[in-house]
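Structure first, then comments.
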Amino acid sequence: APPGSSEAVRQVKLDKECELRVEVGPNFPLRLRLLTGTAEIFGTEIPQEIRLTFPPGHKFAVFTWYGATIEIDGTTETDYTADETPMISYINVHAVLEARRNRAKASPCDSDDSQGPRVIVVGPTDSGKSTLSRMLLSWAAKQGWKPTFVDLDIGQGSITIPGCIAATPIELPIDPVEGIPLDMPLVYFHGHVTPSANVELYKVLVKELAQVLERQFTGNIESRAAGMVINTMGWIEGVGYELLLHAIDTFNATVVLVLGQEKLWSMLRDVLKSKANVDVVKLQKSGGVVSRNAKVRQKARGSRIREYFYGPANDLSPHSNTANFSDLLIYRIGGGPQAPRSALPVGAEPISDRLRVAPVSVNQDLHHLVLAVSFAKEPDEIMSSNVAGFIWVTDINFESKKITYLAPSAGSLPGKYLIVGNLTWCE
Ligand code: ATP
């Protein structure tokens with residue numbers, strides 16, 4: 001039956017503590033509503049009688065604590081009911097965090113105890129880290145907290161486009177369809193979809209982000225008590241593992257949730273044993289997590305960038321702007337040729353190649369690259385500054401020396417300096 005026709009409409013009855021796992025078909029959206037009972041999607045309650053429309057390819061689960069009847073309308077790639085989920089263990093984690101938030105709130109605001117839980121979620125790729133982060137945030141928001149979400153996954157972030165690390169306060173349970181609102185996140189641009197392209201830069205940015213949040217927490221008792229949930233990358237071997245330790249340390253994480261890997265859990269437990277205030281907790285991976293291959297990930301990255309410019313429901317109209325080559329001040333971090341030692345003053349150490357900020361003149365390679373607009377006032381602030389947004393280079397004309405780019409809006413850019421990495425996009 002064609003989607004949308006009455007034959008495609010069906011009801012699913014869910015018993016308590018069961019979930020309906022859905023992968024929307026590739027061509028048409030799926031409509032869903034709650035008929036009876038209560039149910040949630042990754043921690044956010046589904047409103048009664050309101051139809052939710054999920055885009056093609058969307059993967060999600062509807063979970064019920066007490067039983068529910070769901071109606072779905074449209075074609076799915078797969079949909080099945082599961083009665084074995086790790087949800088009880090996840091909600092138990094939430095309960096522990098909740099108690100710690102309450103304790104933090106009740107403590108004198110200048111004491112260390114006023115800091116709520118700092119949770120970091122780690123695990124291999126496709127273990128459900130983003131999903132667990134989302135549930136913990138939505139459950140906390142439902143209870144009136146405004147926890148800070150930190151996303152360190154530059155490959156598949158859920159706050160902004162790929163190639164970035166970012167943080168944002170979560171004030172309401174996360175919308176099951178639209179995800180995290182792109183309000184005013186704090187974003188740092190790495191410019192690559194894996195940290196291995198520039199590990200030093202990744203660490204610097206993680207540190208900057210942590211420092212800014214630390215300052216914000218000092219002045220805001222409410223968000224301090226709510227704490228944070230930090231999502232990480234699925235790269236957990238070698239340098240990836242080092243970067244996890246770096247993040248745990250830099251953010252002063254107090255709870256490390258390890259999803260789906262015994263070995264990682266035991267390694268982290270051993271190295272963190274000496275830290276009395278850090279709990280390392282092993283959690284089961286949900287059988288519902290869908291594995292994504294490189295091609296699917298690549299595609300997901302593209303749609304995140306598209307969403308930035310055009311909106312999640314194609315509801316934004318980006319603007320095509322033209323500028324003279326000389327108007328755009330483009331910089332690259334790392335990758336430039338290293339100055340010869342002989343060019344430095346006697347005794348001076350060359351700064352690491354990887355952290356050098358160098359101007360880039362307009363060249364053909366910029367075509368189809370996504371550039372970040374920095375808040376830096378001077379070039380030497382570029383590395384430590386967060387970014388205001390992004391532009392996408394659509395045309396370079398060497399005759400007229402003009403560059404055409406797509407930006408979320410018309411008019412002048414919110415910053416003078418642009419940062420380039422190797423983040424590309426093709427519409
Ligand atoms: P990454 O490898 O990018 O770090 P991850 O560990 O963060 O991935 P998620 O993004 O949480 O994994 O999950 C992968 C996919 O599986 C997502 O599309 C998510 O919506 C889906 N998913 C997670 N849990 C369930 C579930 N219980 N039922 C159905 N789909 C699910």
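Order of appearance sets the numbers: ligands from 1, and atoms from 1 within every ligand. Atom set for the values below is all heavy atoms of this structure, side chains included, hydrogens, waters and symmetry mates excluded. Position 1 is the first residue of the sequence; numbering continues from there.
- Within a 6.0 Å sphere centred on CG of D112, heavy atoms belonging to other residues, nucleotides or ligands number 12 at most.
- Counting heavy atoms under 4.0 Å from ligand 1, residue D153 touches it through the side chain alone.
- Remark: among candidates K59, R21, E23, the nearest residue to atom 20 (O) of ligand 1 is K59, based on non-hydrogen atoms.
- With a 4.0 Å heavy-atom cut-off, ligand 1 is reached by no atom of M233.
- Of all the heavy atoms of F42, the ones lying under 4.0 Å from any atom of ligand 1 belong exclusively to the side chain.
- No donor-acceptor pair under 3.5 Å is formed between the side chain of S286 and the backbone N or O of T85.
- Atom 29 (C) of ligand 1 is flagged as protein-proximal [any protein heavy atom, distance under 4.0 Å].
- Interface of S286 with ligand 1, defined as ligand atoms under 4.0 Å from a residue heavy atom, comprises 27 (N).
- Between S130 and ligand 1, at least one N/O pair is under 3.5 Å apart.
- Expressed to the nearest 0.5 Å, how far CG of L32 lies from CZ of F60 amounts to 5.0 Å.
- Closest heavy-atom approach to atom 22 (N) of ligand 1 among the candidates I236, V296, V289: V289.
- Ligand 1 has R292 within reach: a non-hydrogen atom of the residue lies less than 4.0 Å from it.
- Distance check: C164 SG to D153 CG gives 11.5 Å after rounding to the nearest 0.5 Å.
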Using the rule given for ring pair (Phe, Tyr, Trp, His ring centres under 6.0 Å), can you reason through F390 versus W392, listing the C-alpha separation, both sets of side-chain angles and the distance that settles it, and then say yes or no?
CA-CA 7 Å; F390 309 93; W392 181 52; over 10 Å; no
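- Ring centers of H368 and W425: at least 6.0 Å apart, outside the cut-off.
- Ligand 1 is never approached by F63 to a heavy-atom distance shorter than 4.0 Å.
- Contacts between S127 and ligand 1, counted as non-hydrogen atom pairs separated by less than 4.0 Å, involve both the backbone and the side chain.
- At least one heavy atom of R297 sits under 4.0 Å from some atom of ligand 1.
- Between the choices T131, L259, D126, V121, the shortest heavy-atom distance to atom 19 (C) of ligand 1 belongs to T131.
- The structure places CZ of F63 at 12.0 Å from CD1 of I46, a figure rounded to the nearest 0.5 Å.
- Interatomic distance, K13 NZ to D15 CG, rounded to the nearest 0.5 Å: 4.5 Å.
- When atom types are taken as modelled, the side chain of Q284 and the backbone of L259 share no donor-acceptor pair closer than 3.5 angstrom.
- Atom numbering of ligand 1 starts at 1 in the shown order; those under 4.0 Å from a heavy atom of T125 are 2 (O).
- Nearest heavy-atom pair across A39 and V62 is CB-CG1, 3.6 Å.
- Checked by distance only, ligand 1 and G288 come closer than 3.5 Å through their nitrogen or oxygen atoms.
- Numbered from 1 in the order shown, with element, the atoms of ligand 1 that lie under 4.0 Å from a heavy atom of V290 read 14 (C), 15 (C), 16 (O).
- When only interatomic distances are considered, the shortest N/O to N/O separation between N231 and ligand 1 does not fall below 3.5 Å.
- Checking E19, H58, K129 against atom 4 (O) of ligand 1, the nearest heavy atom belongs to K129.
- Between the S385 side chain and the E381 main chain, a donor and an acceptor come within less than 3.5 Å of each other.
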